Amino acid sequence: MNQPIGIFDSGLGGLTVLKALAQKFPGESFCYVGDIARLPYGNKSPETIRKYGVQILDYLKRENVKALIIACNSASTVFLNEKHYQGLPLLNVIGPGSRAALAKSADKRIAVLGTSATIRSGAYGKTLRQLDPSAMVIERACPLFVPLAEEGMSADDITLAVARRYLQDIKDQAIATVVLGCTHYPLLKADILKALTPTTQLIESGEVLAEELSQLFAAGELRPASPGSVGELRIKITDLTDHFERLALQLMHPLSIGPLERIVL
Ligand code: DGL
């Protein structure tokens with residue numbers, strides 16, 4: 001196995017990021033940690049989220065990864081300006097997501113959906129306004145989306161009703177660019193688009209991180225896997241349930257993943 005890239009999230013949601021990266025870079029190996037024993041992160045304090053994040057980064061470092069990616073938006077907010085961790089490149093989703101939103105938005109009116117922790121931190125709003133002081137940003141916490149996604153309730157009337165409750169005023173204000181500022185939200189994309197309008201431009205963490213990683217390779221800041229290598233995907237979780245395993249396999253299809261491994265941090 002070539003030297004993997006480490007990636008973590010609080011749970012299932014980060015697999016949307018892992019899949020996007022593995023499809024874009026099939027020669028790279030990835031080592032993913034999903035901290036499902038302590039999910040959700042989105043209703044915890046910055047101190048607790050940071051403590052969990054450090055434990056996982058240390059674990060990944062011991063797994064000999066060549067770079068570290070914080071897929072989780074809630075965890076990204078507490079490592080916002082850190083570009084390295086103990087000598088390894090460290091990526092988070094907030095900067096790349098903000099840049100992608102501004103690049104795609106014609107009128108610079110952007111809505112950001114996230115967990116309570118992400119929205120409370122104001123990380124997206126601050127980053128967007130730093131990048132473009134004329135940007136108009138609405139940040140909206142959608143705390144029920146994570147449990148709905150973890151329960152596999154996409155394209156479901158209950159999820160649609162919740163999405164309408166959270167998103168009606170964003171729709172009324174005709175905001176055309178919406179950042180899915182939580183890795184779980186792409187799993188509910190159909191419901192979110194139905195509650196907004198089908199033409200809404202959704203910015204997803206997986207796509208923006210794939211772009212960011214391309215730039216790191218292009219800039220020579222990270223060594224790509226040697227040509228012709230076939231990447232491996234290792235998924236490690238802090239608790240193992242049949243439910244998680246089933247959803248993980250479904251979500252990663254058609255990519256093949258090794259057996260899920262339960263770890264202690
Ligand atoms: N996936 C995490 C994020 O991107 C949130 C899920 C949670 O609350 O743990 O923010």
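In listed order, ligands and their atoms are each counted from 1. These numbers were taken from a predicted model, which means no experiment stands behind them.
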- Query: How about Phe25 and Phe30: are their ring centroids closer than 6.0 Å?
  - Reply: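 No, they do not, as the ring centres are separated by 6.0 Å or more.
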- Item | Output field: ring centroids Phe8/Tyr59 closer than 6.0 Å |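 Not close enough - the centres of the two rings lie 6.0 Å or further apart.
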- Task: Could you tell me whether the side chains of Thr200 and Thr197 share a donor-acceptor contact shorter than 3.5 Å?
- Result: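 Short answer, yes.
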- Message: Give the residues near ligand 1 by chain and number, with the criterion being a heavy-atom distance under 4.0 Å.
- Response: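 Residues Asp9, Ser10, Leu39, Pro40, Tyr41, Gly42, Cys72, Asn73, Ser74, Thr115, Val146, Cys182, Thr183, His184 each place a heavy atom under 4.0 Å from ligand 1, listed by chain and number.
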- Residues in salt bridge (charged side-chain N to carboxylate O under 4.0 Å, His left out) contact with Asp107, at least two apart in sequence or another chain: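 Checked Asp107 against salt bridge (charged side-chain N to carboxylate O under 4.0 Å, His left out); matches are Arg109.
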- salt bridge (charged side-chain N to carboxylate O under 4.0 Å, His left out) partners of Asp191, counting only residues at least two apart: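 In terms of salt bridge (charged side-chain N to carboxylate O under 4.0 Å, His left out), with neighbours along the sequence ignored, Asp191 is linked to no residue.
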- Query: Which side-chain hydrogen bond (donor to acceptor under 3.5 Å, both in side chains) pairs, counting each pair once, include a residue from residues 12-24, with sequence neighbours left out?
  - Reply: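 Found none.
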